[in-house]
*Asks:* 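Starting off with a structure, shown below.
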Amino acid sequence: DAGSRYTSAVAEISGRLIVNAIWDDEARVWVASSYAVPGLATEADEIDALVEKLNAMIPELLDANGVAHAPDVPFEVVAQRFAATSCSSS
């Protein structure tokens, strides 16, 4: 299965799974997804709450998709939040 091969390749290269979290300013939540974890899509209003959800979801989704994994699944959350600042001219 391509997803399993990709997940294994990611884990071998980095030693951990990469989860991307992007701030949704309109909804006021962090939205997480990962190519390495098939079906992963979740959100939370704080990054720590998001990590707690991911702790439960990642092994469940890997199991559900038949992806072999160690008892502990290390992962890294890479967060992006875009902002703009106004600059006043002197």
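As the structure is a prediction and not an experimental result, all values here were calculated from the model.
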*Asks:* For Ala21 and Leu50, work out which heavy atoms get closest and say how close.
*Replies:*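 The pair with the smallest heavy-atom distance is CB-CD2, 3.8 Å.
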*Asks:* Looking only at atom types and distance, does a side-chain atom of Ser34 sit under 3.5 Å from a main-chain N or O of Ile18, one as donor and one as acceptor?
*Replies:*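 Yes, because the side chain of Ser34 sits within donor-acceptor range (under 3.5 Å) of the backbone of Ile18.
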*Asks:* Going from NE2 on His69 to CG on Asp63, what distance comes out if it is rounded to the nearest 0.5 angstrom?
*Replies:* 3.5 Å
*Asks:* Drop me the distance from Glu76's CD to Asn20's CG, to the nearest 0.5 angstrom.
*Replies:* 9.5 Å
*Asks:* Hydrophobic clusters here meaning ILVMFWY residues chained together by side-chain heavy-atom distances under 4.5 Å, can you tell me if Leu61 and Val73 are in one?
*Replies:*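 Yes: a chain of side-chain contacts under 4.5 Å links Leu61 to Val73.
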*Asks:* Please find the pair of heavy atoms, one from Val51 and one from Phe75, that lie closest to each other, and give the distance.
*Replies:*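 The pair with the smallest heavy-atom distance is O-CZ, 4.0 Å.
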*Asks:* May I ask you to test the Met57-Thr42 pair for a side-chain heavy-atom distance under 4.5 Å?
*Replies:* yes
*Asks:* Taking C-beta and beyond as the side chain, do Ile58 and Val19 meet within less than 4.5 Å on heavy atoms?
*Replies:*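 Yes, close enough: below the 4.5 Å cut-off.
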*Asks:* For Asp45 and Trp30, work out which heavy atoms get closest and say how close.
*Replies:*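 Of all heavy-atom pairs spanning Asp45 and Trp30, the closest is O-CD1, 4.1 Å.
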*Asks:* What are the two closest non-hydrogen atoms of Glu43 and Lys53, and how far apart are they?
*Replies:*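 Scanning both residues, the minimum pair turns out to be O-NZ, 2.7 Å.
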*Asks:* Linking I/L/V/M/F/W/Y whenever any side-chain heavy atoms sit under 4.5 Å apart, do Val77 and Val29 land together?
*Replies:*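 No.
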*Asks:* Compare all side-chain heavy atoms of Leu54 with those of Val37 and state whether any distance is below 4.5 angstrom.
*Replies:*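 No - every pair of side-chain heavy atoms lies 4.5 Å or more apart.
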*Asks:* For the residue pair Ala56 and Pro59, what are the closest heavy atoms and their distance?
*Replies:* O-CD, 3.6 Å
